[in-house]
Amino acid sequence: MRNDHPYKEHSIKYKEHPSKEKVQHPLRRGFVPLRRLLYRQQGSVSVFLIMMVAIIFMFVAVFIDYARITAFQLQTEQLAKSGIRSVMSSYEPALQEKYGLFALGGSDSNELLASSVAESTGIRSRKGEAFRLLDTTLDSQSVNGSSELGRYPVFERQILEEMKYKAPIDFTLEIVNRFKPLSLVMKEASKTTDLLVKLQKLYEKREKLVDRIMEAQKKASQLVERTHFDTNYVFSNGQTSLTDSSLGSIHSAADIAAQYADYVRKNYADSNRDPDEDAQYAEETSDYEREAGWFSSSFAREATQIQQKHRKHLEEVKPLFGEVREINDQMKGIIAEAEQQNNADYDQVGQGRTPASGVPNLKGDSNHAIQDIRNTVQQLVMPDDFVNSFEAEVQGQLDSFQRFEGEVGSFRSVVSSSIPSTSGSSGPLKQSVTQMKRKIDDYLQAYVWSDAANIILARQQAIATNRSSDKERKRTEAKSKAKLSEVLGLLDKLKQTAKESQQEFDQLEGFFDDSITFNAQKDREADTVSIEGQPEDAGKQSMSMMDGLYGGMAGMLEGVRDEFYRNEYAVNHFTRFEPAMLKSLFTSHDVDKQLSNALHVKNQELEYILYGFHLPGGNVSAAYGEIFSTRLAIRTMEGFVECSRMGHPLLILASAILYGIEHALQDMLELVNKGDLELSKYVPLRLTYKDHLRMFLMLHSRNEKMMSRMLALIQFNTGINPNEKLTYMEGDVRASIHVWFLPGVMRSLRDVQMISQGEFEGNRYYVTKKAAFSY
């Protein structure tokens with residue numbers, strides 16, 4: 001049998017080679033040579049190896065492309081980020097340099113992004129073209145912006161970024177530190193002013209009610225006095241007794257009673273005459289009957305009419321006693337409430353920790369002196385016994401005349417029953433007249449005649465005693481009102497001056513309205529800043545302002561709130577009015593000419609931010625109005641201490657307010673002339689105009705309209721509309737990469753997280769990456 005094995009001959013030759021047999025390694029005995037193995041007819045091992053190599057190659061290829069895609073995605077993301085940063089590098093220099101604000105400039109954002117991405121993808125080797133692992137190709141890019149600078153949250157965030165590294169609060173803390181020694185005494189002054197002004201208003205209201213009651217009593221008594229019941233109706237003028245008299249003219253009730261006996265006698269005589277005999281006294285008796293009937297009717301009618309008017313006067317005022325008692329109860333409640341009142345803001349400022357700066361402590365016992373004033377307010381409450389006795393007097397007056405009017409009615413009845421008569425007695429008529437005389441004399445003595453028994457005069461004297469200090473108080477209040485009118489006149493003159501700058505403010509108002517509308521705010525009105533025309537109201541208003549100021553200080557000590565950074569930003573980046581520019585207001589009549597160049601927008605930006613008046617003099621006038629109120633509060637506190645021994649609490653209040661107004665006016669003049677003024681005679685530290693504006697910012701800081709005013713000023717000064725300037729940009733970049741190995745396999749792996757972020761188109765892989773940046 002033929003052996004066709006291809007290695008047979010070779011095998012024989014191998015065996016015949018003596019040297020090979022000698023050098024064969026023992027370990028190779030029994031093993032088939034590799035060549036023989038490869039050329040066997042059963043090729044299963046070769047196929048298996050090929051499959052393994054293919055699988056390994058595919059696995060490695062997939063990972064190579066996967067790594068390239070991952071790097072490509074990272075590169076695209078970095079391109080997007082660097083591109084958007086390049087876009088945001090084009091900011092408005094005018095906003096940044098003057099106001100520390102960032103907003104996208106006027107360059108085309110899409111072009112900037114495209115240019116930045118194109119430069120970043122143009123990678124070249126130093127030796128020229130070379131192998132590139134990532135052949136990134138830019139497909140498209142786009143950019144979108146939002147968060148306009150003119151929106152309140154965006155604007156405020158940039159303010160905080162601008163100010164939080166500059167430690168601005170130290171300046172405000174210094175102001176708080178200056179007011180710290182005054183906290184306790186100002187607390188007492190505020191509490192006392194509030195209490196006394198409330199009591200004064202109730203006191204005035206109650207005393208007006210008392211005056212109405214007294215006026216009604218006087219009118220009623222005068223009504224009776226003018227009628228002269230005692231001399232015109234009861235007794236004739238000069239008549240003193242009821243002696244019988246002959247028939248004659250009747251002028252009074254006493255005449256009727258005195259002539260009645262003669263009437264009866266003569267009437268009886270005529271009645272006993274024969275029928276054919278003429279009556280001798282018929283004419284006289286007839287005249288007596290007619291005149292007595294007419295007089296008694298007229299007398300009764302007159303007394304009834306007077307009684308109705310008399311009753312009306314007194315009945316109308318009787319309910320006023322209820323109002324008097326109600327006011328007294330209100331006064332008692334206010335006094336009790338004042339004792340419980342505790343304004344913690346003053347205590348918090350007084351006890352708060354602030355940097356030591358050599359502020360002196362308040363000397364003396366000023367707060368106790370003001371506390372003692374409140375201990376005297378009980379005298380303003382009218383005693384219940386006083387009210388009750390007063391009410392009884394009014395009722396007594398009403399009853400007294402009513403008794404007289406009843407006697408008049410009885411007299412008329414007696415006359416009617418006694419006439420005609422031929423046998424009656426004059427006794428009932430005389431008794432009735434005597435009763436009328438007694439009743440009318442009792443009334444006149446108690447309510448008309450000027451003697452010690454006059455109840456009205458005695459009550460009037462008691463009321464005058466309670467009001468012993470009212471005349472002096474009224475004189476003091478008149479002086480205060482005159483001085484206050486002087487201040488109000490100066491502020492009004494300042495407000496109405498310098499119309500030349502109105503066009504600037506009209507333009508500013510347009511910018512402000514746009515900002516308000518852009519931020520969907522409804523309130524466009526300027527902040528109301530006014531001084532009350534009555535001295536006591538102005539004093540209370542100034543103390544309320546001081547309450548708010550200490551409240552702002554207390555809030556600041558609790559923690560630095562965002563509005564304080566906003567306030568300090570306004571102080572540092574906007575102009576303010578220089579006090580020296582107002583000298584002409586106090587020294588010259590030609591105020592408008594002197595201030596026409598000083599009241600432009602550029603000189604009073606901070607004042608406009610505070611108050612928002614679109615009048616050249618409106619904001620400066622408001623600022624000095626609040627300065628006056630602040631000074632009035634401090635000086636009124638001093639006035640309480642100076643006038644605490646005047647006795648009557650309302651006189652003390654009036655004198656303290658007069659002291660405050662006079663010294664506050666002097667303080668304003670000192671501020672204008674020197675640029676600063678003394679905080680208080682008890683704390684001799686100096687405050688500048690800028691310090692006052694910082695204080696007022698504490699009062700007005702929780703007001704979003706202030707941000708619109710700042711934005712309006714920024715637009716006015718730079719010509720840049722913050723509502724159109726973007727501070728946040730979001731861009732996307734779409735790029736692709738060529739897939740080297742098995743694009744189909746890579747598409748089948750699209751569920752893998754990194755690959756699923758893009759998409760395949762042919763043998764290219766596309767991905768879109770977004771990036772955002774905010775100033």
Side-chain angles (χ1 to χ4, degrees), residues 148 150-156 159 487-488 490-499 501-534 537-538 540-542 544-549 551-552 562-563 566-567 569-571 574-577 599-630 692-717 721-723:
E148 296 85 351
R151 297 198 180 277
Y152 291 159
V154 177
F155 182 51
E156 187 165 21
I159 288 176
V487 175
L488 295 177
L490 289 172
L491 295 177
D492 187 64
K493 186 186 296 184
L494 176 59
K495 186 176 182 179
Q496 301 300 328
T497 194
K499 298 297 184 181
S501 307
Q502 187 59 54
Q503 186 176 359
E504 294 180 356
F505 282 90
D506 292 340
Q507 183 183 7
L508 190 62
E509 184 176 12
F511 297 153
F512 170 76
D513 288 339
D514 290 343
S515 177
I516 288 290
T517 303
F518 187 70
N519 286 280
Q521 297 293 310
K522 296 181 180 180
D523 186 9
R524 300 170 181 263
E525 298 299 322
D527 292 351
T528 302
V529 178
S530 61
I531 300 175
E532 296 289 344
Q534 294 299 325
D537 293 332
K540 182 180 178 181
Q541 182 186 39
S542 68
S544 297
M545 180 181 178
M546 191 60 65
D547 293 344
L549 179 59
D562 292 348
E563 59 258 31
R566 190 169 67 200
N567 295 347
Y569 176 84
V571 172
F574 295 93
T575 63
R576 61 187 173 276
F577 195 81
L599 290 173
H600 289 285
V601 172
K602 64 180 180 180
N603 293 330
Q604 50 168 314
E605 294 175 351
L606 190 54
E607 288 83 356
Y608 171 73
I609 293 171
L610 267 168
Y611 307 108
F613 289 103
H614 294 100
L615 294 172
N619 300 295
V620 177
S621 175
Y624 276 86
E626 290 202 316
I627 290 174
F628 175 78
S629 293
T630 304
H692 283 87
L693 294 184
R694 272 197 171 98
M695 292 190 300
F696 301 152
L697 283 167
M698 293 184 194
L699 290 174
H700 300 275
S701 60
R702 298 179 184 179
N703 184 354
E704 290 186 330
K705 290 184 293 185
M706 289 176 61
M707 286 193 284
S708 281
R709 294 167 193 160
M710 283 191 272
L711 291 166
L713 285 169
I714 291 172
Q715 185 173 357
F716 180 84
N717 291 328
N721 188 354
N723 300 340

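All figures in this text were calculated on a predicted structure; none of them were measured in a lab. Along the sequence shown, the residues carry numbers beginning at 1.
Closest approach of L488 to G533, counting heavy atoms only: CD1-CA, 4.2 Å. The minimum heavy-atom distance between G617 and L599, with the atom names listed, is CA-CD1, 4.0 Å. M698 and G552 get closest at one heavy-atom pair: SD-C, 4.3 Å. Across R151 and N519, no two heavy atoms sit closer than the pair CA-OD1, 3.3 Å. Between A712 and F512, the closest heavy-atom pair is CB-N, 3.7 Å. Heavy atoms only, all atoms of each residue included: I609 and A570 are closest at CD1-CB, 4.3 Å.
Side-chain polar atoms of Y152 and Q521 form no donor-acceptor pair below 3.5 angstrom.
With sequence neighbours left out, F628 forms a ring pair (Phe, Tyr, Trp, His ring centres under 6.0 Å) with no residue at all. By the salt bridge (charged side-chain N to carboxylate O under 4.0 Å, His left out) test, K705 is found to be paired with D523, D527, residues two or more places apart in sequence or in another chain being considered. The side-chain hydrogen bond (donor to acceptor under 3.5 Å, both in side chains) test applied to Q541 returns no partner, not counting sequence neighbours. By the side-chain hydrogen bond (donor to acceptor under 3.5 Å, both in side chains) test, D492 is found to be paired with no residue, residues two or more places apart in sequence or in another chain being considered. D513 meets the side chain to side chain contact (heavy atoms under 4.5 Å, CB included) test with E509, R524; sequence neighbours excluded. Residues satisfying the side chain to side chain contact (heavy atoms under 4.5 Å, CB included) test with I627, not counting sequence neighbours, are Y624, R631, L671, Y689, H692, F696. Not a single side-chain hydrogen bond (donor to acceptor under 3.5 Å, both in side chains) links R576 to another residue, sequence neighbours left out. Listed by chain and number, the residues in a side chain to side chain contact (heavy atoms under 4.5 Å, CB included) with F716 are E504, Q507, L508, F511, V601 (sequence neighbours excluded). Taking the side chain to side chain contact (heavy atoms under 4.5 Å, CB included) definition, one finds that D514 meets it with N723, sequence neighbours left out. A search for side-chain hydrogen bond (donor to acceptor under 3.5 Å, both in side chains) contacts involving S515 returns S708, not counting sequence neighbours.
Side chain of Q604 to main chain of F577: no donor-acceptor pair is present (N/O by atom type, distance under 3.5 Å, no hydrogens or angles).
Between L549 and M546, some side-chain heavy-atom pair lies under the 4.5 Å cut-off. When side chains are defined from C-beta on, N567 does not count as touching R694, because their heavy atoms never get closer than 4.5 Å. Taking 4.5 Å as the limit, every side-chain heavy atom of E563 sits out of range of all side-chain heavy atoms of M706. Side chains of E607 and F613 form no contact here, defined as non-hydrogen atoms less than 4.5 Å apart. Looking at P722 and E148, their side chains never come closer than 4.5 Å, going by heavy atoms from C-beta outward.
Distance OG/S544 to CG/D537: 10.5 Å, rounded to 0.5 Å. We find the CD-OG distance between E626 and S530 to be 10.0 Å, quoted to the nearest 0.5 Å. Note that the CD atom of E605 and the CZ atom of R709 stand 14.0 Å from one another [nearest 0.5 Å]. Taking CE of M695 as the reference point, atom CG of L697 lies at 10.5 Å (rounded to 0.5 Å). Rounding to the nearest 0.5 angstrom, the gap separating the OG1 atom in T575 from the NE2 atom in H600 is 12.5 Å. In this structure, CG on L606 lies 9.5 Å from CE on M710, to the nearest 0.5 angstrom.
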Next on the checklist: Assess the residue pair L610 and N619 against the criterion (side chain to side chain contact (heavy atoms under 4.5 Å, CB included)); give the C-alpha distance rounded to whole Å, side-chain angles, the decisive distance to 0.1 Å, and a yes or no.
Outcome noted: CA-CA 8 Å; L610 267 168; N619 300 295; over 6 Å; no
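In this structure, Y569 and F574 have perpendicular ring planes: the angle between them is above 60°, well past the 30° mark.
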